[in-house]
Amino acid sequence: MDCLFCSIIKGEIPSTKVFENEWVYAFKDINPMAPVHVLAVPKVHISGADGITADNSSCVAKIFEAIPEIARISGLKNGYRVITNCGPDACQSVPHLHFHILGGTQLPDSLC
Ligand code: AMP
Ligand code: ZN
C-alpha cells in the first residue's frame with residue numbers, strides 16, 4: 001500500500017523528526033501554519049479518525065501520552081492546539097491518522 005506517512009515512518013521519504021517511540025512518530029509539517037507545526041502519527045496505518053476501533057485505539061492514547069513531551073521538545077511553554085482532520089469536509093489530505101500540534105504564537109479563535 002502506498003501511504004506517504006507510512007513511507008516517512010519507514011524513512012523512505014525524508015522528514016524532520018521531532019520525537020519517536022515504539023508507537024509514535026512526530027515530525028515537522030512541510031507547510032507550517034504556525035511557528036511550531038508538528039504532525040504526530042501512529043506507526044500503524046490507520047486511515048483517519050474514522051478508522052479508529054476498539055482494536056487499534058491504544059495507539060491514540062500513546063500519541064496523547066507523547067504530546068506533552070513533543071510540546072516540551074518544541075518549546076511550547078504557553079499552550080498549543082491539537083487538531084485532526086477527518087474526511088473531505090475537514091480537508092483531510094493524507095489518509096493516515098495524524099494530529100497537528102500547532103503553537104508558538106497566539107492562535108486565532110477556532111471553530112470549537
Ligand atoms: P491534513 O490536511 O490534515 O491531512 O494534513 C496533512 C498535512 O501533511 C498538511 O499539513 C501537509 O502540509 C503535511 N504534509 C504533506 N506532505 C508532507 C511531508 N512530506 N512532510 C511533512 N508534512 C507533510
Ligand atoms: Zn500509512
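Each ligand, and each atom within it, is numbered from 1 in the order the structure gives.
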Notebook entry, point to check: Given His45 and Ile9, is the side chain to side chain contact (heavy atoms under 4.5 Å, CB included) satisfied, shown in steps?
Noted result: CA-CA 10 Å; His45 180 86; Ile9 292 161; over 6 Å; no

Contacts of Phe5 meeting ring pair (Phe, Tyr, Trp, His ring centres under 6.0 Å) (sequence neighbours excluded), chain-then-number -> Phe27, His98

message = Please determine whether the number of non-hydrogen atoms from other residues, nucleotides or ligands lying under 6.0 Å from atom CD of Glu12 exceeds 12.
response = yes

Note to self: For Lys43, I'd like to know if atom NZ has over 12 heavy atoms of other residues, nucleotides or ligands within 6.0 Å.
What the structure shows: yes

Backbone N/O of Leu76 and side chain of Ser74: donor-acceptor pair under 3.5 Å
no

Contacts of Tyr80 meeting ring pair (Phe, Tyr, Trp, His ring centres under 6.0 Å) (sequence neighbours excluded), chain-then-number -> none

Lining ligand 1 at under 4.0 Å, by non-hydrogen atom distance, are residues Leu4, Phe5, Ile8, Phe27, Lys28, Asp29, Ile30, Asn31, Leu39, Asn85, Cys91, Gln92, Ser93, Val94, His98, His100

- Query: Is any NZ, NE, NH1 or NH2 atom of the basic residue among Glu22 and Lys62 found under 4.0 Å from an Asp or Glu carboxylate oxygen of the other?
  - Reply: no

Atoms of type N, O or S from the protein that sit nearer than 2.8 Å to the Zn ion (ligand 2) number exactly 4

Residues Ala26 and Val38: closest non-hydrogen pair is CB-CG1, 3.9 Å

Checking the side chain of His96 only, and the main-chain atoms of Pro42 only, is there a donor and an acceptor separated by less than 3.5 Å? yes

